There are 2 protein chains.
Amino acid sequence: MSKNCNFIEKLREVGLRPTKQRVKMCEVLYNREKTFHFTINDLVKLLSERMNQKISLATVYNTVHAFEKKGYLKEISIDSHKSYFDTNTSAHHHFFDEDTHELIDCDESDIDKINIRKNISGKKINSVEVLVRVASDNQTQK
Amino acid sequence: MSKNCNFIEKLREVGLRPTKQRVKMCEVLYNREKTFHFTINDLVKLLSERMNQKISLATVYNTVHAFEKKGYLKEISIDSHKSYFDTNTSAHHHFFDEDTHELIDCDESDIDKINIRKNISGKKINSVEVLVRVASDNQTQK
DNA sequence: ATCTACATTATAATAATTCTAAACTATTGA
DNA sequence: TCAATAGTTTAGAATTATTATAATGTAGAT
């Protein structure tokens, strides 16, 4: 979903009813210059800030999962006790800032193509993801 | 900790009291040919199978974290709602079988060295990890 | 043997997420 | 247009993984 598009139409196209909650979530998620990385908690906060009527937590979960299933959000594994999502659903890698807990996209020029020599019989590769953890230079090494 | 070593001595060396719970956990974790990948739940099950007296859940958590802090276990980020640990603490990459939820170590020859061109100012790289998700060849693509 | 600091334990607390079932609403088609 | 219905939202309960608490137990030193 590119920015400033008609979210009502887009939602209908992919078979999701354009409820006001979903349209609002589209605006918050996709009306941006850059891709957006967030946890459910981040999103709930953002939504409650930008709305007069709040969206229930269950709906935020439902909708995030619905968007993920349709391929408009991607879950990123970083932390074992919180889910991070990314509005950039293309295959790409990440930096994770361990000080601020921020995710940063890598673009293609940042990391050479990963060459995998091993083959697991009967299995196909679904995805290859690199996570580069970074932290402040001038503090005790993790 | 290599296999068949004296865990009591090893524990003392790194400043951990060799309690019977810790020694038992060492045996279960490190008396193996291959490296071991597990969730806390896997480990609790294994321990209760192999012991007459069961180790409490809190102790399993405490001990796993103690071993991790000492550098004898490494946490792997795969799944956002469960922690996976690895007895292989060297820098290495993984395959994750999405059918069986099994982790498989990559060795150095499996994946070329990752070359990172991007630099985040004021930050140093703590780790670089590749996760290759695989799944059965003959089923609906994820 | 006794002391003390560290460990273990059961249980309570917390946090993230999912489930449930009732109320609500977008769409369909009479 | 409006009722039927299928999909959605919601609050709150339930679940799951994990951490905290505080009482009891134990290893190692004196």
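Each chain gets a letter, A, B and so on, in the order its sequence line appears, and its residues count up from 1. Note that the structure is a prediction, hence the values are computed from the model and not measured.
- Of the residues in residues 49-60 of chain B, those with a non-hydrogen atom less than 4.0 angstrom from any atom of DNA chain C are B:Q53, B:K54, B:I55, B:S56, B:A58, B:T59.
- Atom pair B:Q21:CD and D:dT24:P shows a separation of 18 Å (rounding to whole Å applied).
- Among the atoms of the strands shown, none is found under 4.0 Å from any heavy atom of A:T39.
- Salt bridge A:K123/B:D99: present, at least one basic N to carboxylate O contact under 4.0 Å.
- Proximity of A:H65 to the phosphate of C:dT18: a side-chain N or O atom is located under 4.0 Å from OP1 or OP2.
- Here the straight-line distance linking atom CD of A:E129 with atom OG of B:S77 works out to 11.5 Å at 0.5 Å rounding.
- At whole-Å resolution of the value, NZ in B:K82 and P in D:dA17 are 6 Å apart.
- Rounding to whole angstrom units, CD of residue B:E68 and C1' of D:dT18 are separated by 13 Å.
- When hydrophobic clusters are built by joining Ile, Leu, Val, Met, Phe, Trp and Tyr residues whose side-chain heavy atoms come closer than 4.5 Å, directly or via intermediates, B:F7 is grouped together with B:V60.
- For A:K118, the NZ atom is densely surrounded, since the number of other residues' heavy atoms within 6.0 Å is greater than 12.
- Annotation: the span from B:N62 atom CG to B:Q21 atom CD amounts to 10.5 Å, rounded to 0.5 Å.
- Taking the nucleotide of DNA chain D with the nearest heavy atom to each of B:I40 and A:T63, the more 5' of the two is matched to A:T63.
- The distance between atom CZ of A:F67 and atom P of D:dT8, rounded to the nearest whole Å, is 11 Å.
- Minimum interatomic distance between B:V14 and B:K70 (heavy atoms only, all atoms of both residues): O-NZ, 3.0 Å.
- Here the P atom of nucleotide C:dA7 and the CD1 atom of B:I8 are 15 Å apart, to the nearest Å.
- Placement of A:L29 and A:L57 within a single hydrophobic cluster is found when ILVMFWY residues are connected by side-chain heavy-atom separations under 4.5 Å, directly or transitively.
- Using a 4.0 Å heavy-atom distance criterion, A:N62 is classed as a base contact.
- Listed pair B:Y61 / D:dT19 fails the phosphate criterion, with no side-chain N or O lying under 4.0 Å from OP1 or OP2.
- At a threshold of 4.5 Å between non-hydrogen side-chain atoms, the residues B:M25 and B:L47 count as touching.
- A chain of hydrophobic side-chain contacts below 4.5 Å, direct or via other Ile, Leu, Val, Met, Phe, Trp or Tyr residues, connects B:V23 to B:L73.
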For nucleotides 24-28 of chain C, tabulate all protein N/O to nucleotide N/O atom pairs closer than 3.5 Å, reporting atom names and distance.
residue, atom, partner, partner atom, Å
C:dT27, OP1, A:R12, NH1, 2.5
C:dT27, OP2, A:R12, NH1, 3.2

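- Regarding A:Y84, its OH atom lies at a distance of 11 Å from the P atom of C:dT17, rounded to whole Å.
- With respect to B:H92, the side-chain hydrogen bond (donor to acceptor under 3.5 Å, both in side chains) criterion is satisfied by exactly one of B:D107, B:T35, B:D86: B:D86.
- In terms of heavy atoms, B:R133 sits closest to B:E98 at CD-OE2, 2.9 Å.
- In this structure, B:L11 places its CG atom 18 Å from P of D:dT26, rounding to the nearest Å.
- No donor-acceptor distance shorter than 3.5 angstrom exists from the side chain of A:R12 to the backbone of A:P18, with no hydrogens or angles considered.
- Rounded to a whole Å, the CZ atom of A:F38 is 11 Å from the P atom of C:dT17.
- Rounded to 10 degrees, the angle separating the terminal axes of the helix from C:dA1-D:dT30 to C:dA30-D:dT1 is 20°, with each axis obtained from five end pairs.
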